[in-house]
Every structure is written in structure tokens, then in C-alpha cells.
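Here the structure comes first, spelled out in C-alpha cells, and everything after it is commentary.
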Amino acid sequence: MHSHHHEHHHNHKVNAKTVIYLTWSFAINILLSVVELIAGIVGGSVALIGDALHNTSDALSILIAVLAYKIGLKKSNKHFTFGFKRAEIIGAFVNLILLFISALYLFVEGINRIISPQNINGELIIYISIIALIVDGITAKLSHHESHHNANMKMLFLHNLADALGSVGVIISGLCVVYFDWHFVDGIIALMIAGYMVFHSIVAFPKITKILMNATPDNIDIDEIKKRLLKIKNVSDVHHIHVWNIDEEHISLDCHIVSEDITVLEKARNILAKNFDVHHSNIQLETKESNCKDCCL
């Protein structure tokens with residue numbers, strides 16, 4: 001006997017208006033990348049060309065975030081019975097990889113520029129980087145208020161914050177070139193930004209991969225769940241307990257309860273919802289004579 005309890009919340013934490021803003025941000029960032037690339041070629045600045053390439057990866061991260069959000073709004077069907085909400089987590093994972101690759105690129109470029117400083121047009125770098133800073137600042141601001149509770153938007157925010165810091169760094173580098181002829185500063189700042197990006201990539205990686213691997217959520221104690229369910233009157237055993245995140249907001253549970261009393265199902269659901277915030281449960285009721293060893297993982 002199975003009992004299915006579904007309580008779907010249609011509260012998407014990423015505001016739809018924010019997605020519209022981010023779509024515009026994507027277009028602006030692509031335009032900025034083209035301007036930086038042209039300016040870098042004309043001014044002979046490898047640093048500016050590199051920043052253009054990095055900004056392009058950030059523009060792509062915005063596009064991924066928007067597409068993931070829109071896919072996540074699609075309703076479930078017979079092929080995707082849990083819906084498409086995990087698309088946002090996949091998008092966050094892709095963004096994380098892009099962030100890490102961008103960091104590696106900056107590490108290599110930073111070391112090269114320290115070892116072999118390149119002559120660059122400091123004034124051109126300053127002017128273009130100020131424009132880039134404004135664009136990156138606006139984009140980071142748009143994603144910041146959504147980033148505290150959404151991994152996808154957090155990765156997007158980190159992308160743009162790193163880009164904004166990068167623009168500040170390039171401005172400082174340009175000033176050092178103009179006033180002190182210190183071309184090596186560009187490489188030092190690049191290494192600092194790369195370190196920041198790697199740190200946040202490492203911090204975000206476990207949470208995202210746990211969701212993708214259907215791991216038990218960090219705030220859930222399976223032993224405690226079993227203990228609480230066993231306290232229900234007429235329940236003699238609880239096993240086959242699996243708990244996982246459908247997405248960042250929704251937790252799903254599957255378990256078997258041994259009892260002759262069908263009313264224990266409702267009691268179990270109430271305990272799971274009230275004490276563990278599990279509103280999506282699939283509970284199979286078994287008798288003592290039942291043997292499910294072959295079906296239990």
C-alpha cells in the first residue's frame with residue numbers, strides 16, 4: 001500500500017522581473033565584450049582582450065541562468081514526473097565550471113604578465129574599464145538580492161562581482177601604467193581575482209553536486225526521522241528511507257513503514273512536514289509478514 005503526499009509550492013524565488021533585467025544585461029554584456037575586444041586590438045592591450053573574453057563567459061552565464069529559470073517553470077509530464085526545477089541546479093553547475101575555467105585562465109595570464117610585462121595603453125584601459133565597471137556593477141546588483149537562496153543566481157552574482165572587481169583591478173593597473181609605468185601590476189591583480197573565483201567555486205561545488213547526486217540534504221537526519229516515526233503507535237519498523245532534494249526548495253522522501261494500522265500514514269506525513277519540512281513523501285505500508293528485502297536499497 002502506497003501513500004503519496006504532494007504539497008507543491010509555486011513560489012519561484014527568482015523574480016520574473018529580475019529575469020527580464022538579466023536578459024537585457026546579457027545583451028549589454030555581449031555588447032561590452034565586443035567593445036572591449038575592439039579596443040584591446042586597436043590599443044594593443046592583451047589585458048583588455050582577456051577581460052573581453054572573460055566578460056563573454058559571464059554573459060553566457062547570464063544566458064544560462066535565464067534559460068535554466070525558464071525551463072524550471074515548465075510543468076511536469078509523464079517523462080519528467082518531478083518537473084524541470086532541477087534545470088536551475090544544472091545551470092548553476094555549468095556556471096560553476098565556467099567560473100573555475102575563467103579563474104584558471106586568469107591564473108595563467110596573471111603569471112605570464114608578471115614574468116613578461118606587456119606594454120599597454122593605460123588611458124584606453126582606464127576609460128573602457130570604467131564603462132565595464134558600471135555594466136558589471138548593475139548586473140551584479142540585479143542578481144544579488146536573489147543570490148542568498150538560489151544557487152544559480154548565486155553563481156551568476158559571483159561571476160559579475162568578480163567581473164566588477166576585475167574592472168576595478170584593470171583601472172588600478174591602468175593608473176599604475178600611466179603614472180608609474182608599472183605594467184606588472186596587471187598580473188598581480190589578475191591572480192587576486194582568480195583566487196577569489198577559485199575559492200567560491202570550491203565552496204559552492206559540494207552543495208550543487210549533492211543535489212545532483214540525490215544526496216541526503218544537510219539539514220536532514222535520517223536516524224532522527226526513523227526515531228520519530230517509530231514513536232508512532234502501532235509502528236513496528238521503518239526502513240528503506242531515502243531523502244533527497246528535488247531542487248533547492250523541495251525535499252522528497254521515500255520509506256517503508258511496517259504496521260497493521262493504515263492511520264499511521266497520515267500521522268507519519270504530519271511528522272515529516274512539521275518536523276523535517278518534507279512535504280513530498282511516498283510511504284509504503286507493509287505488514288509484519290511482508291518481505292521487501294529484495295526491493296530495498
Side-chain angles (χ1 to χ4, degrees), residues 1-14 72 76 80-93 96 146-155 199-297:
M1 180 183 298
H2 291 270
S3 173
H4 301 272
H5 179 61
H6 304 277
E7 186 174 313
H8 297 291
H9 304 276
H10 298 282
N11 179 27
H12 301 290
K13 291 185 176 180
V14 180
S76 60
F80 296 91
T81 56
F82 280 107
F84 297 83
K85 281 184 162 293
R86 194 168 283 190
E88 289 193 65
I89 298 299
I90 295 174
F93 184 77
L96 185 151
E146 305 284 359
S147 65
H148 299 295
H149 42 235
N150 185 284
N152 198 30
M153 295 302 289
K154 183 175 183 178
M155 293 312 303
F199 171 76
H200 282 286
S201 296
I202 293 174
V203 170
F205 185 78
K207 178 181 179 180
I208 294 174
T209 52
K210 280 182 179 180
I211 295 178
L212 291 176
M213 293 296 292
N214 287 338
T216 302
D218 292 334
N219 62 323
I220 295 292
D221 186 340
I222 287 184
D223 292 332
E224 183 63 24
I225 288 179
K226 183 174 183 178
K227 180 180 177 181
R228 295 296 295 268
L229 294 181
L230 283 173
K231 288 183 178 180
I232 300 175
K233 186 178 180 180
N234 297 325
V235 172
S236 58
D237 188 31
V238 179
H239 54 272
H240 188 80
I241 303 176
H242 298 289
V243 188
W244 67 98
N245 280 102
I246 299 175
D247 57 20
E248 284 189 280
E249 301 175 47
H250 304 90
I251 300 174
S252 186
L253 176 142
D254 180 271
C255 75
H256 293 186
I257 291 180
V258 178
S259 177
E260 304 289 339
D261 183 4
I262 194 172
T263 62
V264 302
L265 293 175
E266 187 63 29
K267 295 176 182 177
R269 289 197 297 265
N270 290 335
I271 289 175
L272 292 171
K274 183 181 295 185
N275 298 282
F276 301 97
D277 198 27
V278 176
H279 301 281
H280 189 290
S281 58
N282 177 21
I283 303 174
Q284 179 173 317
L285 190 64
E286 300 175 345
T287 62
K288 292 182 180 180
E289 292 75 20
S290 300
N291 187 344
C292 70
K293 290 183 179 180
D294 294 336
C295 72
C296 291
L297 300 176

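All values below were derived from every heavy atom in this structure, side-chain atoms included, with hydrogens, water molecules and symmetry-related copies excluded. Just so it is clear, the structure is predicted and the values come from calculations on it, not from any experiment.
I241 has its side chain within reach of V243: a pair of non-hydrogen atoms, C-beta onward, lies under 4.5 Å apart. For the pair I283/C255, a side-chain contact is recorded, criterion being any heavy-atom separation below 4.5 Å from C-beta on. Proximity of L229 to V235: side-chain heavy atoms (C-beta onward) are nowhere separated by under 4.5 Å.
Atom CG in L285 sits 5.0 Å away from atom CG in L265 (nearest 0.5 Å). To the nearest 0.5 angstrom, I262 atom CD1 is 12.0 Å from I257 atom CD1. A distance of 9.5 Å separates OG1 in T216 from CG in N245, rounded to the nearest 0.5 Å. With rounding to the nearest 0.5 Å, the separation of CD1 in I89 from NZ in K210 is 13.5 Å.
Residues satisfying the side chain to side chain donor-acceptor pair (under 3.5 Å) test with S252, not counting sequence neighbours, are H280. Shown here are the ring pair (Phe, Tyr, Trp, His ring centres under 6.0 Å) partners of F199, two or more places apart in sequence or in another chain: there are none. With sequence neighbours excluded, the residues forming a side-chain contact (heavy atoms from CB on, under 4.5 Å) with N214 are R86, W244, listed by chain and number. Residues passing the side-chain contact (heavy atoms from CB on, under 4.5 Å) test with T209 are F93, F205, sequence neighbours excluded. For F276, there are no ring pair (Phe, Tyr, Trp, His ring centres under 6.0 Å) partners two or more places apart in sequence or in a different chain. Every residue meeting the side chain to side chain donor-acceptor pair (under 3.5 Å) condition with N234, not counting sequence neighbours, appears here in chain and number order: D261.
Aromatic ring pairs are classed by plane angle as parallel below 30°, tilted from 30° to 60° and perpendicular above 60°; the pair F84 and F80 is tilted.
Legend: side chain to side chain donor-acceptor pair (under 3.5 Å) pairs involving residues 220-230, not counting sequence neighbours, sorted by first then second residue: R228-N275. Each salt bridge (charged side-chain N to carboxylate O under 4.0 Å, His left out) pair with one or both residues in residues 270-282, not counting sequence neighbours, would appear here, but there are none.
Of the candidates H240, H242, Q284, D254 forms a side-chain hydrogen bond (donor to acceptor under 3.5 Å, both in side chains) with just one, namely H240.
No donor-acceptor pair closer than 3.5 Å links the side chain of S281 to the backbone N or O of L253.
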Pair I271-K231, side-chain contact (heavy atoms from CB on, under 4.5 Å): steps then yes or no: CA-CA 11 Å; I271 289 175; K231 288 183 178 180; over 6 Å; no
